[in-house]
Amino acid sequence: MVSSDRLAAFAALSFLLIVVPGPSVLFVIGRALAHGRRAALTTVVGNTLGAYVLVVAVALGVGSIVERSVLVFTALKLVGAAYLVYLGVRAWRRRGSLRDAFAQPDGGPAHGGLRTLGEGFAVGVANPKTIVFFAAVLPQFVDPGRGQVPAQMLLLGLVFNVIAVASDSVWGLVASGAREWFARSPRRLAAVGGVGGLTMIGLGVTVAATGRSD
């Protein structure tokens, strides 16, 4: 399996990359502000599950195909971007209904949990930057001499996702705490939905405009 020094080095690199707010963190923050702590943490879980699917794909060789194929990369990029824009437009259109959501604990009824989990999963699994990162970085920390290369990649990906869960959860909890301040004003409620929706639309456009170095 992976040597302890390589595992520590990968964990350190992952931490440095994860703590800096990116699309996933901003998505979690938007969920926390709009729907509360439970929705934010459920989104974190869904996003992490989606990201780990990418780890499995890389371990099974899909990552190298995506890394080398402009067509596949572009397809994944546009799917992820379109989904972010869709969620942003929906959040913008529903910004006036946030008052009812705030009136319920953690932003809404429990039956929305699976939907929130699914949306987080879709964003995580459709993130082209993540799969390219895994495809480029994971192989550098694998020791072919130790054998079981796919298993080594799965372990490294698990370390990455454990760190991501901890970091994203902190962001979500902090944002959900600030949410109560917004709840005191109807204007703030509308602003939460509007800004959150525009942020997701902006993220979608950014992802769509992201190019490749090759």
Looking at every non-hydrogen atom in both residues, tell me the closest pair between [X] and [Y] and how far apart they are.
X      : Y      : answer
Leu54  : Gly124 : CD1-O, 3.5 Å
Asn161 : Ala51  : OD1-CB, 3.4 Å
Ala32  : Gly172 : CB-O, 3.5 Å
Val142 : Arg6   : O-NH1, 2.8 Å

Quiz prompt | Check: Ala39 main-chain N/O paired with Thr43 side-chain donor or acceptor under 3.5 Å | solution = yes

For [X], enumerate each residue passing the side chain to side chain contact (heavy atoms under 4.5 Å, CB included) test, keeping only those at least two apart in sequence or located in another chain.
X      : answer
Leu41  : Arg37, Ser169, Leu173
Ala151 : Met1, Gln148
Ala166 : none
Val162 : Leu158

Next item on the list: Could you go through the side-chain contact (heavy atoms from CB on, under 4.5 Å) check for Tyr52 and Val125 one step at a time?
Entry: CA-CA 8 Å; Tyr52 200 72; Val125 78; over 6 Å; no

Margin query: Do Asn47 and Val28 have side chains that approach each other closer than 4.5 Å (heavy atoms only, starting at C-beta)?
Written below: no

Do Ile201 and Val89 make a side-chain contact, defined as non-hydrogen atoms from C-beta onward lying under 4.5 Å apart?
yes

Here the salt bridge (Lys or Arg N to Asp or Glu O under 4.0 Å) pairs for residues 42-61, sequence neighbours left out, are none

Worksheet item: Hey, quick one: are Val170 and Ile163 part of the same hydrophobic cluster, counting side-chain heavy atoms closer than 4.5 Å, chains of contacts allowed?
Response: no

Residues 135-166 vs ring-ring contact (aromatic ring centres under 6.0 Å, His included), sequence neighbours excluded, gives Phe10-Phe141, Phe133-Phe160, Phe134-Phe160

**Working for side-chain contact (heavy atoms from CB on, under 4.5 Å), residues Trp171 and Val44** = CA-CA 10 Å; Trp171 280 109; Val44 169; over 6 Å; no

Between the CG atom in Asp168 and the OG1 atom in Thr48, the distance rounded to the nearest 0.5 Å is 6.0 Å

CD of Glu119 to OG1 of Thr42, rounded to nearest 0.5 Å, is 11.0 Å

Hits for side-chain hydrogen bond (donor to acceptor under 3.5 Å, both in side chains) against Gln152, two or more places apart or cross-chain, chain-then-number order -> none

